[in-house]
Amino acid sequence: MKGTKSDLWERNKACSLFLERRFNLMQSQKSRVLGAMSSSLPILPNPLKGSFPRPCNPQHIPMSRQLPDDSMPLRNDIHQSASLHPRAGVIGAPYSGYSASPLDSVSNHDSQSMVAPYISQSSSFEAFQSLSDNTPGTHTEAAWFTSSMDVSPLYTDNIAAPDDNRIQSIRPAMTSDGTAKQNDWWADIMNDDWKDILDATATDSHSKAMIQTSNSATSLPAVNQSASSHSMEICPVASPPNSSNASVAKQRMRWTPELHECFVDAVNQLGGSEKATPKGVLKLMKVDGLTIYHVKSHLQKYRSARYKPDLSEGTSEKRTAAEELVLDLKTSMDLTEALRLQMEVQKRLHEQLEIQRKLQLRIEEQGKYLQMMFEKQSQSSTEKVQDPSSRDTAAKPSSILNQSANKDSGATMDPNRTGDSAKTAELGERSSGLGVKQKLVEIESDTEGATDDGSKISQEKPRKLQDS
Amino acid sequence: MKFGKRLKKQVEESLPEWRDKFLAYKRLKRLVRLVSASGSSPRRHRGSAAEAAFLRLLDAEVDRFNAFFLEREEDFVIRHRARSTFSFCLHSDPPSIRELKEMAKKVAEDALRRRPLSAAETRSVRKEIVDLHGEMVLLLNYSAINYTGLAKILKKYDKRTGRLLRLPFIEKVLGQPFFATELISRLVRECEATMEAVFEASRGHAGASAGTAPVAAVAAADQGIFRNTVAALVTMGELRSGSSTYGHFSLPPMAPPESDLLRCGCVQVAAGPVSI
C-alpha cells in the first residue's frame, strides 16, 4: 500500500509540474495549444485495439449538435471550442446539450456516442477542492452562483470573507472563451494516470463525479489560478478529500441506453455478467472518462436485475399444472383487466406530465422574453419615448402570450392574466411576469386611458395589432 | 401553503424508498420567512445567514434530485433493456441484429427455460412491464413535482426579498439532469409499445375477458405503484385547478380527468390494502 502511495505521490508531483507548464501554454492560440497537448500527452498503449471489434464509438462528439436556444452563452462557447479539439474524446459540456440529444437525432448512432465522454474533470476538481480551506458548502454556493451574471453581485456580500478572494478571482477570469479553453485544457490532462490516482483516493460518492456542469466550469478558473500559485499544495490529493463530497456531488454519470448497450456488449464478450470483471469491462468499453467505480456499480445493478426476471420464472415453475389451470382462468382475466387499468392511468399521467413540461418550458421562455422587454422598456421609458413606439413594444409580448396561450389552452390563459393584473404589484425588482404586466397596464392607461382590467388589455391588444 | 400540503400528501402516497427524496419545501419556506423577517436594513447580519442557508439548501436539494434521478434512471435503463430483450423472445418482434446476437446468447444460457411460457409466467412478465412503466412515469412525476416546488419557492423568495434569484436559478434548473427527462419519456413510450405487443399477442389465450370488478386482482405489489399514480394524477389536477396568484408562470387548469377511470382507481385505492 505504501508503495503505491509513494508512486501516486511521485505522479502527483509530475502532474502538477505538467499542469504548471500547461497553464503557461494557455496564453498561446487555442489550436496551437491543443496541438501541442495532444502530441505531448503520454498515449497509453491500447493492447485491445486490434483484437476486439470496437463495440461503440464514444470518441467523437457531434459538433453540430443543436443546443437549445436558451442555453447560456457559456455553454455555447464550450461546444464551439470542442469542435477544435483534435481528440474530441473528452469534452466538458453541461447536461442540457446532452439530454436534448436523444430526441434530436434518434437514429444517428454516432450522435449517441457523445454520452460517453464525460470528463473526469471533477476528479481534478476534487483534487483541488482539497486545496480550499473553506467549507465545501460555501464554495459550492459560490461556484453555483458566480456563473449567473446578474445575481452574483448580490451575493458576494453574503459569502464569507475567505471566499471573497476566490470569487473575485473567478469572475474576472470567467470569460466564456477562457473557460472553454480551460475546459479543453483540463480535458487533455485527463488520462488514465489521473484516474488511477484519484480512484485510489476517491470515496464512493466521488466515483460518481463525472459530468462537467457550468459550475465546475466556473470553479475551474479559480482552481487553476490557485494551482499555478501553489503548485506544491497539490499534495493533499494523496489524502482522501472527504470534505469535497458536497461540491463534487454535482457531477454525475449518466447511463444512457447506448452506453448501457456498449456495456452489455462488453459483458457478453467477456462471457456473461458473472464472469465479467469491472476492469475487463472498462477496458473493453473504451469509453473516455468512465471509471472503474462506475462500471462496478453498474455491473452490480445489472447482475441483480438479471436475476430478478430469472427468479420470477423460477418460482412460477413450482406450481403444479392443476393449480395453474384453476388459477389461470380466473386470475389472468382479472389481472389483465387490472393491469390494463393500471396502464391506462399511468399513460394518462405520462401524457399530462408531458403537456405540463412543455408548458413550463414555454412559460419560462416567455418569462425571459418579457423580462428582456421589460428591461428595454424601463430603459426607454426613462428617455420619455413617444407613445406609439412604446405601445408597440408593449403590445408585442402580450400578443405573443395571447397567441401561444390560445394555441395551448384556449381562453384559459386570459382569466389568469385578468386575475394577475387586478393585483397591484410594485414595479421594479419584482418577478418579471408581474412587473411587466403592471408596466403594460400603466402604458395602456397612459396612452389610452384604459382601465386596469386585464381582460380589457387582452381584448384591446389584438385589436390594436389589427389596427396597426 | 396549499402546495406544501399537497406535496406532503404526494410524498405519503409515494413508494417507500422515495419518501425522503422530495423537495424540502417546508424547510425552504421557513428560511424564506427568516430572511424577510429580519427586516430590510439589518439584512446583512441576520438575514444574510438565512439567505446563505437558503441558497445552500437549494443547491443541496438540486444535488439530491440529480443523484436520485440518475440512479433510478440507470436502474430503469437496465431493466428496460432486459425486459425488452426478454419480450422479443416471447413475442417475436423483429429484433435488431444486435438483439439477435443477444438472444442467441441468452438462448444458450437459458436452454432449460426455452419452452412456451405458462400463463403464470405471462402474468408475471406483464405485471413487470406494467410496473416498470409505472415506476418510470412516477419518476417523471417526481421530477415535475420538484421542479414546481422549486419554482414556487423561488417565486416566494423573490417576492419577499425583492431579489432576482428566480430567473437565473430556474434556468440552471432547466439544465439539470433531473429535469432532462427526455430519456425516461422515450423509455416509457418504448415500454408502452412493448406492452401493446405483449397484450396483443396474448389476447388470444386470455379468453373472453369478463370485465369483472378487478378489485381482488390488484395484488399487494401493485398497490404501491398504482396508488401513487392515481394520487399523482389527483394532486396534479388539484394543483392546476385554481390559484390565488395567477401570473405568467401559472399553468392552465388541467382538463377534467375522465371520471370513470379515476373513480375506478379511487375505489381501488380507497379499498385499501385488501389482499395484503
Side-chain angles (χ1 to χ4, degrees), chain A residues 94-96 99 102-103 137 140-141 144 148 150-151 154 158 249-250 252 254-257 260 268 301-302 305-306 309 312-313 316 319 324 328 331-339 341-346 349-350 352-353 356 359 363-364 367 371 409 412-413 416 419-420 429 431 433-434, chain B residues 48 51-52 55-56 59 63 66 70 74-75 77-79 81-82 86 105 113 118-121 123-124 126 130 133-134 137 140-141 144 155 158 162-166 168 175 177 180 182-183 186 188 206 209-210 212 214 217-218 226 229-230 232-233 236 246-253 265:
Chain A
Y95 265 113
S96 61
S99 57
L103 283 183
T140 302
E141 108 197 21
W144 181 246
S148 102
D150 297 338
V151 176
L154 298 171
N158 297 331
K250 274 206 178 56
R252 303 229 166 249
R254 194 157 202 187
W255 280 95
T256 66
H260 180 64
N268 290 332
K301 287 195 174 161
Y302 184 69
R306 294 208 79 223
S312 66
E313 285 179 46
S316 51
R319 291 209 195 150
E324 281 188 15
D328 283 352
T331 51
S332 59
M333 284 191 309
D334 287 347
L335 200 60
T336 309
E337 273 313 298
L339 284 180
L341 180 68
Q342 184 178 344
M343 196 64 183
E344 280 306 309
V345 170
Q346 284 166 186
L349 179 59
H350 184 220
Q352 288 298 319
L353 285 169
Q356 180 168 306
L359 281 177
I363 286 175
E364 287 302 324
Q371 172 80 345
S409 49
T412 45
M413 279 300 236
N416 294 356
D420 183 52
E429 289 76 33
S431 88
L434 288 177
Chain B
S48 63
E51 275 186 48
L55 297 172
R56 255 200 307 271
D59 269 350
D63 272 351
N66 283 337
L70 287 176
E74 179 182 355
D75 200 45
V77 166
I78 296 179
R79 279 159 69 185
R81 198 195 165 281
F86 191 62
K105 284 197 167 60
R113 298 193 182 87
S118 71
E121 286 175 337
R123 267 208 307 277
S124 72
R126 278 200 230 150
V130 173
H133 181 270
V137 174
L140 290 176
N141 181 53
K155 187 168 157 195
D158 276 2
R163 309 227 178 182
L164 290 173
L165 176 54
R166 190 185 177 287
E182 291 87 0
L183 176 59
R186 186 174 70 136
V188 168
S209 52
T212 51
V218 178
F226 187 59
T229 310
V230 170
L233 270 173
M236 199 196 290
Y246 274 124
H248 289 291
F249 302 100
S250 306
L251 290 166

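Numbers restart at 1 for each chain; the letters A, B, ... are given by sequence-line order, proteins then strands.
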### Query
What are the two closest heavy atoms between B/Asn141 and A/Leu353, and how far apart are they?
N-CD1, 3.4 Å

#### Entry: Interatomic distance, A/Tyr302 atom OH to B/Glu74 atom CD [nearest 0.5 angstrom]
13.0 Å

### Query
What distance separates B/Arg79 CZ from A/Lys301 NZ, expressed to the nearest 0.5 Å?
11.0 Å

### Task
Using side-chain hydrogen bond (donor to acceptor under 3.5 Å, both in side chains) as the criterion, list what pairs up with B/His133, not counting sequence neighbours.
A/Gln346, B/Glu192

### Query
What's the shortest heavy-atom distance between A/Arg254 and B/Ala180, and which atoms?
NH2-O, 2.8 Å

### Query
So, do B/Arg166 and A/Glu364 sit near enough that their side-chain heavy atoms are less than 4.5 Å apart?
yes

### Task
Could you tell me which of B/Ile78, B/Val77, B/Leu140, B/Asp75 has the largest number of non-hydrogen atom pairs under 4.5 Å with chain A?
B/Ile78

